[in-house]
Amino acid sequence: MEVSLSPAQIEALYLSPSLSSTSTFSCPSSPGSSSSSFSCSDCSSDCPNQHQSSSSPRSSSPSGCSSSDSDGMRGCSPPLDIISEDAVVLDLVINPEVALKACQEVLQKVKLLKSQQQNGDQSSAAAKQSLLLRLFESKLFDVSMAMSYLYKSKEPGVQAYIGNRLFSFSDEDVDFHLPQLLNMYVHMDEDMGDAIRPYVVHRCRQSIAFSLQTAWLLGAYSSDMHISTQRHSRGTKLRKLILSDELKPHAVSKGVDARPGLRVGARIHHHQRHTMKPSLAPDSQIIPADAYLSPSKRTHQRSKSDATHCTSLGTSLKRTASNPKVESGYDEVSSDGLEIEAPLRLTPQREFIKSLISIGKQLATLPTKEQKTWQLISELSQLNHKLPARVWLPTAAFDHHVVRMPHTQAVVLNSKDKAPYIIYVEVLECERFETSGIPLRIPETRIRSARSADNLLPECIGITAEQRAVSFSTVPNYDNDDEAWSVDDIGELEVELPEGHTSSSDNISQFSVDSITSTESKEPVFIAAGDIRRRLSENLAHTPTTFRKDPEDPSAVALKEPWKEKVRRIREGSPYGHLPNWRLLSVIVKCGDDLRQELLAFQVLSQLQSIWEQERVPLWIKPYKILVMSSDSGMIEPVLNAVSLHQVRKQSQLSLLDYFLQEHGSYTNEAFLTARRNFVQSCAGYSLICYLLQVKDRHNGNILLDSEGHIIHIDFGFILSSSPRNLGFETSAFKLTSEFVDVMGGLDGDMFNYYKVLMLQGLIAARKHMEKVVQIVEIMQQGSHLPCFHGSSTIRHLKERFHMSLTEEQLQVLVEQMVDGSMRSITTKLYDGFQYFTNGIM
């Protein structure tokens with residue numbers, strides 16, 4: 001038989017001191033002998049039991065062994081391990097030289113294997129790091145991928161690298177993922193915070209808007225923490241640092257510091273010396289010392305010293321507010337209950353936003369819509385006296401200064417318990433709102449008279465477009481201080497009129513917008529007679545529905561008015577309407593609601609919109625911007641030219657199809673066919689949105705219809721794991737009523753089949769990029785107490801709704817089943833009935 005020895009046994013054999021070349025062995029005289037033994041050296045050549053090096057192990061035993069026991073076993077204490085088999089002692093006969101050589105070979109092989117294994121592990125780790133670095137440095141590595149690796153990686157080195165990598169992305173791309181970035185900063189470990197902080201600090205030094213947005217989000221996401229933990233958390237500390245205005249842009253010009261009123265070489269307090277860090281951006285833009293002030297160049301008119309430059313918008317608001325509750329209703333306080341002193345750079349915008357929020361909270365205490373509307377107009381009128389100022393609407397996509405709010409146009413929106421309201425804001429577009437000069441204030445009663453085009457004076461008709469465009473001279477850096485303005489100041493405004501005309505303000509007429517913005521073209525325009533007849537017949541074929549005033553719903557008329565008509569009307573009555581950079585914006589102010597879920601829904605909708613555009617799927621959705629300012633307040637970008645289905649049914653008393661026919665013409669009309677296609681594409685897009693996000697509370701007050709035929713879902717307060725009162729009453733995948741199907745042309749129509757095809761294409765495209773959508777939601781679940789994350793299976797169920805394991809044929813069957821189930825859903829009809837009887841929503 002063969003005896004196999006382990007490396008440990010061979011090593012023990014090699015190290016055994018009893019093994020030598022002079023070892024002697026005893027041989028039994030016969031296999032059955034139990035006592036006879038002699039030295040091998042005494043054996044003669046004819047000994048029948050003479051030993052050879054290849055003798056069987058059964059026939060030998062080490063020398064010095066005593067005779068065996070009565071049970072036939074041979075007892076001894078050999079230097080070698082004894083391997084027993086079948087209760088028989090196996091004596092090992094090994095050549096020591098061979099054993100030594102074998103032992104050395106085995107040891108060398110063991111060392112070689114260990115060395116190869118270690119080298120393999122190191123090379124494997126190096127290969128992985130090399131591949132990961134190649135991915136991070138490739139063009140495929142975008143912000144979405146950076147957020148994913150930053151969230152999932154537990155290695156501080158990887159986190160630090162991605163934190164530095166953020167500087168290479170565009171500000172717009174990072175701003176989209178700012179909620180995820182700050183939520184990780186607030187709720188994850190120290191290494192994560194250390195990786196994110198340099199980028200956030202750098203951006204805060206560069207922009208006031210980013211500083212305020214970051215401070216608001218930090219406060220909102222820190223609200224989920226326990227109060228004792230929140231006071232000393234990283235998020236609270238960074239928020240305090242931002243609001244204290246320690247993160248000012250560093251000046252690189254000689255002798256000028258970016259902080260107003262501080263020169264280089266001036267004494268800095270001890271705590272400021274330690275908080276001022278080197279700038280992370282070597283190309284920081286030079287900001288003048290008075291960039292955040294609004295001094296007037298006509299200092300001879302002032303009744304105060306230059307120290308009054310520090311007068312902020314907030315101070316003015318509190319000085320003239322008609323209601324003391326508005327002044328203290330929304331003071332900025334830190335987590336430990338102490339009011340944070342607002343620095344000069346951030347003061348105007350913070351006070352402007354706080355004033356709007358305070359108005360909303362005050363309106364919620366009034367009983368009727370009419371009282372709320374009158375109070376809103378009154379408060380906005382008071383606020384309007386402090387404009388223009390260095391304030392802006394954060395939801396806008398361009399830099400501007402707010403110059404006027406036509407307060408009579410503001411309306412309160414439908415809400416049972418809250419008082420959201422919509423305001424319209426006149427702004428002047430500028431190059432950079434932080435440094436551009438503030439426009440000169442033009443009092444309405446002394447400079448312009450709101451007259452219609454029919455009342456234009458004959459002597460003003462001959463003014464050319466060039467003369468109208470430069471009718472007023474602008475003075476930069478207008479001071480907010482009311483006392484700086486007087487009749488003499490107003491008289492200094494020069495109005496350029498043709499010779500022979502006076503410059504009296506009574507003679508200044510309201511110029512039409514078209515004459516200001518149009519370019520004079522001398523080329524003739526040819527229009528075919530057939531086109532004229534067709535357009536006239538189409539216009540006569542249908543008359544758009546006009547909404548009447550409703551005391552219970554004052555917003556219906558305001559929202560129904562076409563945006564272009566509203567812009568023209570407000571511009572005609574505005575003292576700033578003649579300026580070429582005049583723009584009109586709108587915003588919804590909401591108090592008492594947590595808009596963090598709305599912000600999450602906006603991100604998901606924007607991501608899916610980008611995916612469908614990339615995959616060339618013609619689905620249409622309208623993500624509207626959300627500004628979270630705290631855990632119970634914020635601003636929303638309104639959807640223009642859109643009214644709710646509830647308002648459509650209540651005002652028109654028509655079915656949805658009949659309303660389409662009245663708005664867009666007959667079935668064969670081009671406008672109707674276009675509107676129907678828009679309706680189908682938007683209905684398919686929002687059907688997928690409602691299914692993937694499990695959007696609930698889908699009554700007709702939360703579904704809008706715009707002037708082009710699109711439907712737009714709003715109010716994403718119940719998504720993912722939450723539903724109204726957590727009853728889960730709405731069981732259908734999405735809302736698809738018989739009225740929707742009728743607009744599409746019926747169940748057998750081509751557009752209804754097109755609707756199902758679009759849903760299939762959209763779902764296939766969405767699941768190709770599932771990770772981009774899921775990671776947005778997954779990161780926000782970290783440390784969150786939002787109702788949409790109720791339970792531990794939210795992310796798993798979200799992934800399951802993408803159906804990654806199904807084939808396209810199986811997906812088609814799934815879409816058919818969802819469409820059929822949603823059309824036949826009883827719970828959808830019951831929920832609409834419930835909303836009608838309880839809230840009057842039709």
Side-chain angles (χ1 to χ4, degrees), residues 601 604-605 608 612 617 619-621 644-646 648-649 655-657 660 676-705 709-716 718-724 727-767 797-798 800-803 806 810-836 841-842:
V604 174
L605 263 67
L608 287 172
W612 289 331
V617 179
L619 292 173
W620 190 95
I621 57 176
S644 68
L645 295 182
H646 158 70
V648 168
R649 298 185 67 175
S655 66
L656 190 58
L657 177 59
F660 260 74
R676 170 182 280 179
R677 184 179 68 251
N678 294 338
F679 180 85
V680 171
Q681 293 175 348
S682 60
C683 190
Y686 279 103
S687 295
L688 285 177
I689 293 294
C690 291
Y691 170 65
L692 293 175
L693 285 182
Q694 291 293 286
V695 184
K696 303 303 179 185
D697 196 26
R698 294 301 88 198
H699 55 74
N700 287 336
N702 286 336
I703 303 177
L704 306 183
L705 180 69
H710 302 104
I711 64 168
I712 303 101
H713 283 248
I714 61 173
D715 193 353
F716 296 92
F718 298 99
I719 58 175
L720 298 174
S721 300
S722 64
S723 61
L727 297 178
F729 187 77
E730 301 167 270
T731 58
S732 60
F734 42 82
K735 184 170 185 177
L736 182 62
T737 64
S738 58
E739 281 195 323
F740 290 5
V741 178
D742 291 340
V743 175
M744 296 181 193
L747 297 176
D748 299 327
D750 294 336
M751 296 305 292
F752 184 70
N753 292 328
Y754 180 52
Y755 162 77
K756 292 186 288 187
V757 170
L758 286 177
M759 283 197 62
L760 177 61
Q761 293 178 348
L763 186 56
I764 292 174
R767 71 175 188 170
H797 289 163
L798 175 61
E800 290 175 354
R801 287 191 289 272
F802 284 89
H803 301 285
L806 297 185
Q810 292 172 328
L811 276 182
Q812 183 176 2
V813 174
L814 175 66
V815 169
E816 293 280 354
Q817 293 174 348
M818 289 194 300
V819 171
D820 184 69
S822 298
M823 284 192 304
R824 303 176 186 275
S825 175
I826 299 178
T827 59
T828 299
K829 298 177 182 179
L830 291 177
Y831 192 73
D832 284 342
F834 169 78
Q835 289 292 336
Y836 175 72
I841 299 177
M842 302 179 65

Provide the closest heavy-atom pair for [X] versus [Y] in the form atom of the first, atom of the second, distance.
| X | Y | value |
| --- | --- | --- |
| Met818 | Ala733 | SD-CB, 4.1 Å |
| Ser687 | Phe734 | O-CD2, 3.5 Å |
| Leu688 | Met759 | CD1-O, 3.6 Å |
| Phe802 | Ala766 | CE2-O, 3.8 Å |
| Gly685 | Leu619 | N-CD2, 3.7 Å |
| Cys683 | Leu736 | SG-CD1, 4.3 Å |

Treating [X] as the side-chain partner and [Y] as the backbone partner, does any N or O pair qualify as donor plus acceptor under 3.5 Å?
| X | Y | value |
| --- | --- | --- |
| Ser825 | Gly821 | no |
| Lys696 | Glu730 | yes |
| Gln694 | Ser721 | no |

Distance check, rounded to the nearest 0.5 Å: [X] atom [atom1] versus [Y] atom [atom2]?
| X | Y | atom1 | atom2 | value |
| --- | --- | --- | --- | --- |
| Tyr831 | Asn700 | OH | CG | 11.5 Å |
| Trp620 | Leu758 | CH2 | CG | 14.5 Å |
| Leu608 | Ile621 | CG | CD1 | 6.0 Å |
| Gln812 | Gln761 | CD | CD | 11.0 Å |
| Ile711 | Leu705 | CD1 | CG | 8.0 Å |
| Tyr836 | His699 | OH | NE2 | 15.5 Å |

Side chains of Phe660 and Val648 in contact at under 4.5 Å (non-hydrogen atoms): no
For residues Ser822 and Tyr691, is any side-chain donor paired with an opposing acceptor at under 3.5 Å? no
Under 3.5 Å, is there a donor-acceptor pair linking the side chains of Arg698 and His713?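 The criterion, which ignores hydrogens and geometry beyond distance, is satisfied for His713 and Arg698.
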Using side chain to side chain contact (heavy atoms under 4.5 Å, CB included), reason through Phe752 and Lys756 one step at a time and then give a plain yes or no. CA-CA 7 Å; Phe752 184 70; Lys756 292 186 288 187; 3.9 Å; yes
For residues 737-750, which side-chain N or O atoms pair as donor and acceptor with protein atoms under 3.5 Å away, sequence neighbours left out?
unit_1, atom_1, unit_2, atom_2, d
Thr737, OG1, Phe740, N, 3.4
Glu739, OE2, Leu656, N, 3.4

So Phe716 and Asn702, side chain to side chain contact (heavy atoms under 4.5 Å, CB included) or not? Walk me through it. CA-CA 9 Å; Phe716 296 92; Asn702 286 336; over 6 Å; no
I would like to know whether Leu720 and Leu693 meet side chain to side chain contact (heavy atoms under 4.5 Å, CB included); could you show each step before the answer? CA-CA 5 Å; Leu720 298 174; Leu693 285 182; 4.0 Å; yes
Test of understanding: with side-chain contact (heavy atoms from CB on, under 4.5 Å), list the residues that count as partners of Ile764, not counting sequence neighbours.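 Residues passing side-chain contact (heavy atoms from CB on, under 4.5 Å) with Ile764: Leu760, Glu808, Leu811.
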